[in-house]
Amino acid sequence: MCGRFTQSYTWAEVERFLSVVGPARNLRPRYNIAPTTPIDVLRLGKAGRELVPMRWGLVPSWWKKPLGELPSTFNARAETVAEKPMFRSAFKSRRCIIPASGFYEWTGKPGAKTPHYFSARDGRPLAFAGLWECWRDPETKEPLESATVIVGSANEWMRAFHDRMPVILAWCDAGAWMAGENPAELLQPPPEDALQEWIVSPRVNRSGVGDDDPALIEPSRAA
DNA sequence: CCAGACGTTGTT
DNA sequence: GTCTGG
DNA sequence: CCAGACGTTGTT
DNA sequence: GTCTGG
């Protein structure tokens, strides 16, 4: 998966959706997110469940080099997330849910790329399986919280556009995910009729475009 | 990942 | 082509 | 037991 | 933080 998450979700929608794991608090709408910019992360902390904005791109707590030398960690592969040094610690003890109204995938060749918007057919927000970490800058000692989205195989329907897709907890068990259970069974693709899709403007991936513009997911040219 | 920008010369 | 911003 | 290592994702 | 090597 690549691109950004888009469109707003209402408090009511998220709360209803997240009721799988219990009541949610402090939820804020967010439309559209790019790597290295914050995403909303629902985690289980000492104070209970909280929605926290974090850097998109997980930084393992043991990372000692400058942030700029960190490889791309905005996605983690479901197949290897348990073993990769970059993710395994968070996979064990810092799972989270990343609410989003939808996500983008691109089709076409360079110079003729077409962005598609994907969201739940029932209109409810999606909840991606994620991981988070807290890292402390060796120089400034500043703490930085970060997160990543787990991606797995696409289902047949999705394969028409892309062979990967985020792990969506709506069709797994969000509660079990947060409890650290049955990862293999949890990280399955959703039913074939779970999502809907339409073409949007390439504007979605343009630098300088605000993340909170609902117009980003307006249908574009016909397919 | 993708979209968009990317400007040089002389000058003590 | 390569780098930056999101 | 301790010391030291440990890089990911996407590629039309 | 977690795993491996010694």
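Sequence lines set the chain letters: A, B, ... in the order given, protein chains first and strands last, and positions in each chain run from 1.
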Classify [X] by what it touches in the nucleic acid, base, sugar-phosphate, or nothing, heavy-atom distance under 4.0 Å.
{"X": "A:S72", "value": "base"}
{"X": "A:A90", "value": "nothing"}
{"X": "A:K92", "value": "sugar-phosphate"}
{"X": "A:L58", "value": "nothing"}

Do the side chain of [X] and the main chain of [Y] share a donor and acceptor less than 3.5 angstrom apart?
{"X": "A:E197", "Y": "A:H116", "value": "no"}
{"X": "A:R77", "Y": "A:E79", "value": "no"}
{"X": "A:R164", "Y": "A:V151", "value": "yes"}

How many whole angstroms separate atom [atom1] of [X] from atom [atom2] of [N]?
{"X": "A:W135", "N": "D:dC6", "atom1": "CH2", "atom2": "P", "answer": "19 Å"}
{"X": "A:F161", "N": "D:dG10", "atom1": "CZ", "atom2": "P", "answer": "19 Å"}
{"X": "A:W106", "N": "C:dG6", "atom1": "CH2", "atom2": "C1'", "answer": "12 Å"}
{"X": "A:F91", "N": "D:dT8", "atom1": "CZ", "atom2": "P", "answer": "15 Å"}
{"X": "A:F87", "N": "D:dC6", "atom1": "CZ", "atom2": "C1'", "answer": "13 Å"}
{"X": "A:E133", "N": "D:dC6", "atom1": "CD", "atom2": "P", "answer": "18 Å"}
{"X": "A:W62", "N": "E:dG1", "atom1": "CH2", "atom2": "C1'", "answer": "10 Å"}
{"X": "A:E83", "N": "D:dA5", "atom1": "CD", "atom2": "C1'", "answer": "17 Å"}

What orientation do A:Y117 and A:W198 show, parallel under 30°, tilted 30 to 60°, or perpendicular over 60°?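 A:Y117 and A:W198: tilted rings.
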Checking side-chain contact (heavy atoms from CB on, under 4.5 Å) against A:V41, which of A:S146, A:C96, A:P99, A:P53 comes through?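 With A:V41 as partner, side-chain contact (heavy atoms from CB on, under 4.5 Å) holds for just one option, A:C96.
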Taking [M] as the reference, what is the distance to [N] when you measure between their [atom1] atoms (whole Å, please)?
{"N": "D:dG4", "M": "B:dT8", "atom1": "P", "result": "48 Å"}
{"N": "C:dT2", "M": "B:dT9", "atom1": "C1'", "result": "24 Å"}
{"N": "B:dC2", "M": "D:dT11", "atom1": "C1'", "result": "12 Å"}

Pair partner, D:dC6 [Watson-Crick or wobble, under 3.5 Å]: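 Its partner is E:dG1.
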Out of E:dT2, D:dT9, D:dT8, which nucleotide sits closest to the side chain of A:S93?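 Looking only at heavy atoms from C-beta outward on A:S93, the closest nucleotide is E:dT2.
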Do the side chains of A:R88 and A:E83 get nearer than 4.5 Å, heavy atoms only?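 No, side chains not in contact.
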A side-chain contact here means heavy atoms from C-beta on lying under 4.5 Å apart; do A:I150 and A:W177 qualify?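 A:I150 reaches A:W177 side chain to side chain.
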Just N and O in the side chain of A:H162: are any of them under 4.0 Å from OP1 or OP2 of D:dG10?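 Answer no for this pair, as no side-chain N or O of A:H162 is under 4.0 Å from OP1 or OP2.
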Short side-chain N/O contact from A:R88 to OP1 or OP2 of E:dC3, under 4.0 Å: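 Checking E:dC3 against A:R88, no side-chain N or O comes under 4.0 Å of OP1 or OP2.
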Over-ring placement of A:R94 relative to A:F91, 6.0 Å and 45° cut-offs: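 Judged by the rule (NZ or CZ under 6.0 Å from the ring centre, within 45° of its axis), A:R94 is not positioned above A:F91.
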Between the protein and nucleotides 1-3 of chain D, list every N/O to N/O distance that falls short of 3.5 Å.
none

Toward the 5' end of DNA chain D, by each residue's nearest nucleotide, A:A78 or A:T107: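 The answer here is A:A78.
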